[in-house]
Trainee: 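Okay, here's the structure, questions in a sec.
Atom set for the values below is all heavy atoms of this structure, side chains included, hydrogens, waters and symmetry mates excluded. Lettering of chains follows the sequences in order, A, B, ..., and the numbering in each one begins at 1.
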Protein chains: 2
Amino acid sequence: MRIVVARCQVDYAGRLTAHLPMATRVIMVKADGSVLVHSDGGSYKPLNWMSPPCTLREGATDDGQVEWTVTSTASGKGPGDTLRILLEEVHSDSRHELGVDPGLQKDGVEKHLQALLADHPATLADGLTLVRREFPTAIGPVDLMCRDAAGASVAVEIKRRGEIDGVEQLTRYLELLNRDPALTRLGPVRGIFAAQEIKPQARVLATDRGIACAVVDYDALRGIDDVEDRLF
Amino acid sequence: MRIVVARCQVDYAGRLTAHLPMATRVIMVKADGSVLVHSDGGSYKPLNWMSPPCTLREGATDDGQVEWTVTSTASGKGPGDTLRILLEEVHSDSRHELGVDPGLQKDGVEKHLQALLADHPATLADGLTLVRREFPTAIGPVDLMCRDAAGASVAVEIKRRGEIDGVEQLTRYLELLNRDPALTRLGPVRGIFAAQEIKPQARVLATDRGIACAVVDYDALRGIDDVEDRLF
DNA sequence: GACTTCATGTCGTGT
DNA sequence: ACACGACGTGAAGTC
């Protein structure tokens with residue numbers, strides 16, 4: 001890892017073109033050659049960057065300024081992306097051996113919500129029982145396939161945040177599932193849209209299509225029992 | 001901007017929980033208090049981070065190790081996010097004055113594609129003329145409203161990358177527009193889905209719904225004339 | 001402030 | 001390799 005603090009100007013050309021006027025910034029060059037240009041604000045996203053794989057060439061302009069040219073060596077990109085950094089004044093330039101990172105461990109995303117609801121389908125609707133998780137269809141798996149108290153099929157789509165595209169997704173599944181006579185013997189397949197939070201527009205669209213909405217309390221569900229052993 | 005290179009362990013708790021085992025990494029602390037933990041690979045996204053507004057408290061554990069606690073001070077987040085960084089060995093710790101960044105100038109995003117197509121609607125379909133950009137409807141503006149050679153209305157949805165949700169969006173617009181007698185006098189409103197690249201699934205769905213697809217060559221369009229003056 | 005849409009999105013996963 | 005969906009998506013613009 002190389003870290004340079006310098007007054008610089010940056011130009012990017014690739015899927016779009018972008019320009020950064022001359023100012024003092026931090027430039028990180030990672031071991032894989034990727035480059036990040038950070039300002040002293042904003043957020044975790046750099047102002048400009050180049051993703052690996054790429055190569056950095058260090059040169060000089062006619063008037064003696066240092067110029068870096070970073071070129072993407074990715075396969076797919078037809079006209080390779082380029083990042084040009086003009087260094088006017090270098091305040092600091094250091095290198096550090098970091099070694100390989102052991103990587104990140106996560107917990108608490110949609111998969112876990114699905115595991116919890118698979119264990120407690122009745123929290124979505126009274127008498128609901130699980131048939132199968134990731135029930136396969138031609139256009140992808142339905143999160144949960146269930147049966148209601150009367151034995152009719154119920155498809156459940158789970159999202160952490162319930163937005164309009166989740167309703168569209170469930171609608172497509174229902175359309176397909178309702179063509180299967182085996183599933184519709186006891187009436188049409190119903191849909192339940194389950195999420196920790198459901199946006200108003202999504203709720204309106206779901207209601208309009210006869211899809212029920214269920215707001216899920218993740219912490220409460222987790223309190224019912226401890227499923228950590230199955231999650232790892 | 002403060003930059004620390006250190007052997008450290010990181011724990012995040014917020015919308016999810018995440019853990020980074022002890023290893024050497026780069027920690028950036030920006031002027032607004034935001035913190036980024038970078039490894040020597042991956043891409044521009046840090047392994048862990050805290051977005052502003054947040055506060056950093058520097059403390060020590062019982063066995064004398066340095067411990068940073070970064071707490072989000074954002075309003076909405078109920079149980080404030082926290083990032084805990086345990087510093088085992090600091091290799092480098094420096095501060096730099098960067099000043100305010102003049103900001104980024106971009107060209108080539110969807111807005112510009114829309115501007116170009118508004119100037120040259122005939123590249124989408126022969127005889128097409130522009131009625132209005134951002135044509136308002138109850139559920140949001142249609143990118144381009146046009147008329148074909150026969151005078152019938154044509155709604156155009158523009159995306160940089162054409163995926164399934166773009167087709168869904170255009171479908172919703174068309175459904176609404178086709179309820180307006182003023183627009184359908186000369187026949188139903190047709191749809192054109194225009195993008196620099198159209199994914200197969202999106203193309204299938206569009207075709208299935210009678211929506212035409214148009215792949216747009218941004219560079220070629222820009223070559224027709226120079227619209228830079230209007231873009232800046 | 002809530003909501004919607006865009007993004008050089010990035011990132012994982014399954015085919 | 002490619003396609004698809006999730007993301008601590010983030011960020012910008014609109015109502």
Trainee: Show, in sequence, the C-alpha distance, side-chain angles and deciding distance for A/Glu197 and B/Arg15, and conclude whether the salt bridge (Lys or Arg N to Asp or Glu O under 4.0 Å) test is met.
Mentor: CA-CA 13 Å; A/Glu197 178 201 356; B/Arg15 279 180 264 194; over 6 Å; no
Trainee: Rounded to whole angstroms, how far apart are CZ on B/Arg161 and C1' on C/dT5?
Mentor: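 Going from B/Arg161 (CZ) to C/dT5 (C1'), I get 15 Å.
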Trainee: Cut-off 3.5 Å, no hydrogens considered: what does the side-chain donor-acceptor table look like for residues 201-211 of chain B, sequence neighbours left out?
Mentor:
| from | atom 1 | to | atom 2 | distance (Å) |
| --- | --- | --- | --- | --- |
| B/Thr207 | OG1 | B/Arg203 | O | 2.7 |
| B/Arg209 | NH1 | B/Glu168 | OE1 | 3.0 |
| B/Arg209 | NH1 | B/Thr171 | OG1 | 3.0 |

Trainee: Give the rounded distance in Å between these two atoms: OH of A/Tyr12 and P of C/dA7.
Mentor: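 About 13 Å, once rounded to whole Å.
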Trainee: When you compare C/dT5 with D/dG8, how far apart are their P atoms, in angstrom units rounded to a whole number?
Mentor: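 Each nucleotide's P atom is 22 Å from the other's.
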Trainee: Counting the atoms with a prime plus P, OP1 and OP2 as sugar-phosphate, which does A/Asp165 contact under 4.0 Å by heavy atoms, base, sugar-phosphate, or nothing?
Mentor: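 No contact.
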Trainee: Do B/Lys106 and B/Leu104 come within less than 4.5 Å of each other through their side chains, counting heavy atoms only?
Mentor: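 In contact.
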Trainee: Can you pull the ring-ring contact (aromatic ring centres under 6.0 Å, His included) pairs that have at least one residue in residues 22-44 of chain B, sequence neighbours excluded?
Mentor: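 Counting only pairs at least two positions apart or across chains, the ring-ring contact (aromatic ring centres under 6.0 Å, His included) contacts touching residues 22-44 of chain B are A/Trp49-B/Tyr44.
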Trainee: What dot-bracket string describes DNA chain D from 5' to 3', counting Watson-Crick and G-U wobble pairs whose defining distances are under 3.5 Å, with [ ] for crossing pairs and | for pairs to another strand?
Mentor: |||||||.|||||||
Trainee: Could you tell me the separation between the OH atom of B/Tyr218 and the P atom of C/dT8, rounded to a whole number of Å?
Mentor: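 My rounded result for the distance is 12 Å.
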Trainee: Mind checking if B/Gln201 touches a base, just sugar-phosphate, or nothing, with heavy atoms under 4.0 Å?
Mentor: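 Sugar-phosphate only.
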Trainee: Please list each protein N or O that sits under 3.5 Å from an N or O in nucleotides 11-15 of chain C, with the distance.
Mentor:
| from | atom 1 | to | atom 2 | distance (Å) |
| --- | --- | --- | --- | --- |
| C/dC11 | OP1 | B/Ser43 | OG | 2.3 |
| C/dC11 | OP2 | B/Ser43 | OG | 3.1 |

Trainee: Expressed as a whole number of angstroms, how long is the span from B/Leu36:CG to D/dG10:C1'?
Mentor: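 Going from CG in B/Leu36 over to C1' in D/dG10 covers 13 Å.
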Trainee: Without decimals, in angstroms, what is the distance between B/Glu157 CD and C/dC6 P?
Mentor: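 Rounding to the nearest Å, CD of B/Glu157 and P of C/dC6 are 7 Å apart.
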Trainee: Between B/Thr71 and B/Arg57, is there a side-chain heavy-atom distance shorter than 4.5 Å?
Mentor: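 SC-SC contact between B/Arg57 and B/Thr71 ruled out.
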Trainee: Applying ring-ring contact (aromatic ring centres under 6.0 Å, His included) as the test, list every pair that has at least one member in residues 5-37 of chain B; sequence neighbours left out.
Mentor: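 Matches after skipping sequence neighbours: none remain.
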Trainee: Who pairs with A/Glu175 by side-chain contact (heavy atoms from CB on, under 4.5 Å), at least two apart in sequence or on another chain?
Mentor: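 Counting only residues at least two positions away or on another chain, A/Glu175 forms a side-chain contact (heavy atoms from CB on, under 4.5 Å) with A/Arg179.
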Trainee: Expressed as a whole number of Å, how far does the C1' atom of C/dC11 sit from that of C/dA7?
Mentor: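 Here C/dC11 and C/dA7 have their C1' atoms 14 Å from each other.
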